[in-house]
Amino acid sequence: GAGVSQSPSNKVTEKGKDVELRCDPISGHTALYWYRQSLGQGLEFLIYFQGNSAPDKSGLPSDRFSAERTGGSVSTLTIQRTQQEDSAVYLCASSPRVRGANYGYTFGSGTRLTVV
Amino acid sequence: DAKTTQPPSMDCAEGRAANLPCNHSTISGNEYVYWYRQIHSQGPQYIIHGLKNNETNEMASLIITEDRKSSTLILPHATLRDTAVYYCIVRVANQGGKLIFGQGTELSVKP
């Protein structure tokens with residue numbers, strides 16, 4: 001597609017439930033990133049995928065968080081046993097990876113997760 | 001990646017140039033300077049990046065000092081729609097990896 005697409009745009013879930021957030025990156029972009037932004041806070045890095053390399057999971061806050069990227073395209077961020085502190089906007093970004101070139105990220109509009 | 005320092009907030013009159021400073025005194029030779037902005041309730045938007053030469057695109061100009069320890073993002077004719085948080089980030093290019101966003105500068109463009 002023309003941009004990074006995230007779904008759903010809004011999600012309200014009960015504490016303790018599992019949620020899945022989806023990201024469709026720009027076609028051909030090999031790098032994909034997940035960030036989250038709590039209300040009034042800055043962007044917190046979660047996880048990064050680059051091609052077939054092992055993902056950089058250094059930002060995942062706990063083992064309740066996981067992500068996968070199937071076929072080098074679509075990514076799903078899963079949060080198990082959600083807690084109220086998981087409430088935030090979850091942002092996905094993608095970028096191309098071309099030897100000798102240097103590109104910025106393109107972000108999606110995010111998924112606003114509210115845990116009640 | 002080198003750390004950056006930005007003022008927490010700035011005001012600018014509509015139609016005037018907005019000059020947003022960023023200090024990155026520990027930048028290393030292979031690190032680029034990137035600028036992003038985040039308009040309220042939207043995802044961040046890439047603006048511009050540079051290594052050592054000044055850069056200009058349709059959105060902004062980036063002025064990097066000769067010693068590369070600081071830079072300035074210039075919005076030549078700020079509009080109300082430029083009100084946003086502006087992030088200055090330095091990192092090595094072409095090696096992948098995450099961008100680390102600091103607190104940025106909240107720019108308010110006023111009529």
Side-chain angles (χ1 to χ4, degrees), chain A residues 3-6 9-10 21 23-26 29-60 67 69 88-112, chain B residues 1 3-9 22 27-53 55-60 62 64 71 73 84-107:
Chain A
V4 177
S5 178
Q6 292 188 246
S9 55
N10 282 284
L21 312 179
C23 173
D24 278 282
I26 291 174
H29 280 196
T30 59
L32 186 147
Y33 315 81
W34 283 97
Y35 288 79
R36 75 174 175 181
Q37 189 169 32
S38 301
L39 186 63
Q41 301 299 309
L43 284 93
E44 176 187 3
F45 166 77
L46 297 177
I47 188 169
Y48 154 63
F49 296 89
Q50 174 58 59
N52 295 322
S53 302
D56 176 353
K57 304 179 182 179
S58 60
L60 295 178
R69 189 178 184 192
V89 176
Y90 288 79
L91 291 156
C92 176
S94 70
S95 68
R97 179 75 185 277
V98 179
R99 183 180 292 278
N102 184 2
Y103 296 89
Y105 293 7
T106 300
F107 279 84
S109 298
T111 294
R112 182 175 297 278
Chain B
D1 292 340
K3 182 177 177 179
T4 63
T5 305
Q6 299 177 255
S9 63
C22 180
I27 193 170
S28 46
N30 60 349
E31 287 183 312
Y32 283 68
V33 180
Y34 290 78
W35 282 84
Y36 284 76
R37 73 179 181 183
Q38 187 174 24
I39 296 170
H40 183 62
S41 298
Q42 297 182 21
Q45 176 189 25
Y46 165 80
I47 302 173
I48 198 168
H49 73 276
L51 182 63
K52 55 184 178 182
N53 298 320
E55 302 287 344
T56 295
N57 63 20
E58 65 278 5
M59 291 182 67
L62 174 60
I64 303 174
S71 60
L73 180 74
V85 178
Y86 287 77
Y87 297 98
C88 169
I89 303 162
V90 295
R91 58 158 286 204
V92 177
N94 297 341
Q95 293 185 6
K98 67 262 190 186
L99 287 175
I100 303 299
F101 290 79
Q103 295 303 306
T105 295
E106 186 167 6
L107 175 69

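Owing to the predicted nature of the structure, the values given are computational and were not obtained by experimental measurement. The basis for the numbers below is simple: all heavy atoms, side chains too, and nothing from hydrogens, waters or symmetry mates. Order of the sequence lines fixes the chain letters, A, B, ..., with proteins taken first and strands second; residue numbering starts at 1 for each chain.
- For A:Gln37, the part sitting under 4.5 Å from any heavy atom of chain B is the side chain, from C-beta outward, and nothing else.
- For A:Ser53, no part sits under 4.5 Å from any heavy atom of chain B, backbone or side chain.
- The 12-atom threshold is exceeded at CD of A:Glu44, counting heavy atoms of other residues, nucleotides or ligands nearer than 6.0 Å.
- More than 12 heavy-atom neighbours from other residues, nucleotides or ligands sit within 6.0 angstrom of CD on B:Glu55.
- Proximity of a side-chain donor or acceptor of A:Tyr105 to a complementary backbone N or O of B:Leu99 within less than 3.5 Å is detected.
- Annotation for A:Leu43 and B:Tyr87: closest pair CD1-OH, 3.6 Å, computed over non-hydrogen atoms.
- Annotation for A:Asn52: atom CG does not count as buried by contact number, only 12 or fewer foreign heavy atoms lying within 6.0 Å.
- Across all non-hydrogen atoms, the minimal contact from A:Leu91 to B:Gly43 is CD2-CA, 3.8 Å.
- Residue with the most contacts toward chain A among B:Ser41, B:Gly102, B:Pro44, B:Gly104: B:Pro44 (heavy-atom pairs, distance under 4.5 Å).
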